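For reference, the structure is listed below as structure tokens.
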Amino acid sequence: MRRGIATVCLSGTLEEKLAAAAHAGFDGVELFEPDLIGSRLSPREIRLRAAELDLAIDLYQPFRDFEGVQPGRLEGNLRRAEAKFEVMQELGATLMLVCSNVSSDAIDDDALAAEQLHALAGRAAEHGIRIAYEALAWGRHVNEYDHSWRIVRQADHPALGVCLDSFHILSRGTGLDAIDEIPADKLFFLQLADAPHLVMDVLQWSRHYRCFPGQGGFDLAGFTSRVLSAGYAGPLSLEVFNDVFRQADPTRMAVDAKRSLLILEEAMQAPSARRLPPPPDLHGYAFLELAVEPTSVGQTQRLLNAMGLTPAAQHRTKPVTLWRQRDVRVLLNAAAPTPPGVAAIAVESSDPARSSERAEGLLAPVLARQRGPGEADLSAIAAPDGTSVFFCRTDVDERVSAGHWLEDFEALAPGGGPFTGLDRIDHIALAQPFDYFDEAVLFYRSVLGLEPLESLELSAPSGLVRSRAVTNQSGSLRLALNVPLLAHDTAQPAGLQHVAFECADILAVGEQLRARGLVPLAIPENYYEDLAARSDLDPGLLSAMRELGVLYDTDHAGGEFLHLYTQTIGDRLFFELVERRGGYGGYGAANAPVRMAAQRAVAEAGVGAGALSG
Ligand code: MG
Ligand code: MG
């Protein structure tokens, strides 16, 4: 199956777009006319450039407002088309997209449209060119694909067929049954785009919010399967208009786009698709690596210590200490070549080799590791946000097989501190770079085989934050990905990250933390007044929560979530403790605005101003 991408998806000059598409391994491009018009290259030079890059020009697009016009205007429109046919011949392109007329004086007459498209196809055929007719969702009279097909059928010219565009069809909720009625040799082209479910003008929705398959809310796999089973044999071509993608690095976006097609093909179980290794079962976090600045090492150690983790082992060759409470493992790296915060997450995989094969198949950058003699060879990849992701298997056997990552560490002391009740790493929240949020969500879910939850908008003192969680079925692996809704200027520091630990009894753990001198994030009294008013929580429980800075949330199924936050280390990282009751599956998003306001208050008041509330 050939894969293509429209030049309009990417930022940059036409040369940069072509280079990015070729680098990502696409077979062809749709040449968006404004990209040609704005290019310094002549059509002939563009043809040569594309050929050098081994890229076909699959489609020339778009040609507008052609059909359903007053007969007196037809000749002018045909002349306009002839000029484009000549350009296409120079380009070596043989398929032109004609989208349905949007002009207010278009005539609602299928026979007239068919007759005029027939005339156009006749002229095109003289140049060896074919016409793909596409119903725009906002076309004046033709805005459904089955309508465009009826007109094409009526026109009955071998050089005229339809172009199906998933956005135009799925955004209107048009039934898909008529796809089967279109003969395979009339399915000239297929354009794929996903989009989030939004209630807004369809033109604005299309021009600004399209995204790559798997990044929005449409069933692209179901739709594309229908088109393929109807006999479509052309390329799977992405046509995405997106404000953020068009300002992002084109090379990265093209790789993201290619990844989206690989996942789509996997979801469709397309026979021609290269088989990706299926995602192995993941069982939570093996460890987490925190990069700490020298000035923050003491504060981080005090926090970990207060939460009950103890330094258990030292890396044999690196300034990395393993802090641990039972199976909760945190590596503190005082010399990581990364910004402070979560430098790496290591997931427990039932088959680490297959996990990394899958990641490579999905175009994840594989990290070269500096490995000392005798050190475990961990497979690691780089996520779009710069976090390293390791795949490992700690639970095989305590007899420690060769290649076991814990072998790299020398035990500092037997035993460890008293058990304070931390059961596991519950979730990790990672701030994402503004331009690459959709890429990051798709990356984590596809590489790790996770499911995304609904995208949320949270209100912070500095603006709105978009948040999307991805999780595996058992809930043992949860990530929350956050990004500002609107771009900040680049001088803004990267957003906060946090690591949440789960415990069985947060009040007991909260008491222990207090006894160990941990000062949680101060939650305003107003929060508890409101909580008392809107819930029927036991007054004793409420006052204990107030005492310990514990927040509360419930879900529709009666699940409950109790959680508290630590102070922030160096403007970047904090910890959370959570207790899940009754199968609560969320993250306490309702409390995030309170948390962010409280953190802002602490930051404004200066370091160390936090105190126990109540
Ligand atoms: Mg289209
Ligand atoms: Mg959280």
Side-chain angles (χ1 to χ4, degrees), residues 4-9 30-33 58-64 95-100 102 132-139 142-143 145 148 162-172 188-195 202-203 205-207 210 223 227 234-242 342 425-431 453 456 458 460 465 467-471 475 478-482 495-502 506 521 550-553 561-566 568 573-580 584-596 598-599:
I5 185 168
T7 55
V8 72
C9 301
E30 299 176 29
L31 183 55
F32 186 55
E33 185 172 75
D58 290 324
L59 185 75
Y60 184 79
Q61 64 123 321
F63 190 70
R64 299 182 191 280
L95 187 62
M96 180 163 90
L97 179 87
V98 173
C99 46
S100 58
V102 299
Y133 182 49
E134 173 190 44
L136 296 180
W138 54 91
V142 180
N143 41 44
Y145 77 94
S148 65
V162 293
C163 169
L164 299 183
D165 178 316
S166 63
F167 179 86
H168 295 304
I169 297 170
L170 300 174
S171 64
R172 294 184 62 107
F188 278 13
F189 207 71
L190 173 62
Q191 293 178 313
L192 297 175
D194 199 346
V202 73
L203 173 60
W205 189 12
S206 173
R207 295 248 167 104
R210 287 188 183 212
F223 169 80
V227 181
L236 298 182
S237 190
L238 297 163
E239 188 199 25
V240 166
F241 306 84
N242 182 295
V342 177
I425 293 173
D426 182 87
H427 64 272
I428 298 171
L430 299 171
L453 305 185
L456 303 173
L458 311 172
V465 173
S467 179
R468 195 157 194 198
V470 286
T471 176
R478 302 172 194 261
L479 288 171
L481 307 175
N482 302 320
L496 287 172
Q497 300 180 325
H498 71 266
V499 176
F501 300 105
E502 192 185 18
I506 196 164
L521 181 69
V550 173
L551 299 107
Y552 180 82
D553 190 31
F561 189 62
L562 289 84
H563 57 143
L564 68 80
Y565 299 101
T566 71
T568 302
L573 178 77
F574 62 95
F575 298 103
E576 181 182 9
L577 292 161
V578 311
E579 178 187 337
R580 296 178 181 275
Y584 179 95
Y587 299 81
N591 295 325
V594 177
R595 186 257 297 165
M596 291 187 279
Q599 287 170 328

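When a ligand or atom number is given, it counts from 1 through the structure's own listing order. Note that the structure is predicted; figures quoted are calculated from it, not measured.
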- [ ] State whether Asp426 contributes an N/O/S atom found under 2.8 Å from the Mg ion (ligand 2).
- [x]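 Checking Asp426: none of its N, O or S atoms is under 2.8 Å.
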Open item on the list: At a threshold of 2.8 Å, where the distance has to be below it, does the Mg ion (ligand 2) have an N, O or S atom of His427 nearby?
Closed with: yes
Task: Within-4.5 Å side-chain heavy-atom neighbours: His168 and Tyr145 - done: no
Task: Steps toward ring pair (Phe, Tyr, Trp, His ring centres under 6.0 Å) verdict (His427, Tyr587) - done: CA-CA 9 Å; His427 64 272; Tyr587 299 81; 4.9 Å; yes
- [ ] Describe, in one word, how the ring planes of His563 and Phe561 are oriented to each other, choosing from parallel (under 30°), tilted (30 to 60°) and perpendicular (over 60°).
- [x]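 It falls in the tilted class, 30° to 60°.
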- [ ] Can you tell me, to 10 degrees, how wide the angle at the Mg ion (ligand 2) is between NE2 on His498 and OE1 on Glu576?
- [x] 90°
Task: Vertex the Mg ion (ligand 1), rays to OE1 in Glu239 and OD2 in Asp165 - rounded to 10° - done: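 The OE1/OD2 angle about the Mg ion (ligand 1) sits at 80°.
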Open item on the list: With carbon and hydrogen excluded and only N/O/S kept, which atom of Glu134 is nearest the Mg ion (ligand 1)?
Closed with: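 Relative to the Mg ion (ligand 1), the closest nitrogen, oxygen or sulfur of Glu134 carries the name OE2.
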TODO: Establish, from distance only, whether the side-chain atoms of Glu239 and Gln61 form a donor-acceptor pair under 3.5 Å.
DONE: yes
Task: N, O or S atom of Gln191 closer to the Mg ion (ligand 1) than 2.8 Å - done: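 Checking the Mg ion (ligand 1) against Gln191, an N, O or S atom does fall under 2.8 Å.
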Open item on the list: Regarding Asp165 and Arg210, does a basic nitrogen lie under 4.0 Å from an acidic carboxylate oxygen?
Closed with: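 A salt bridge links Asp165 with Arg210.
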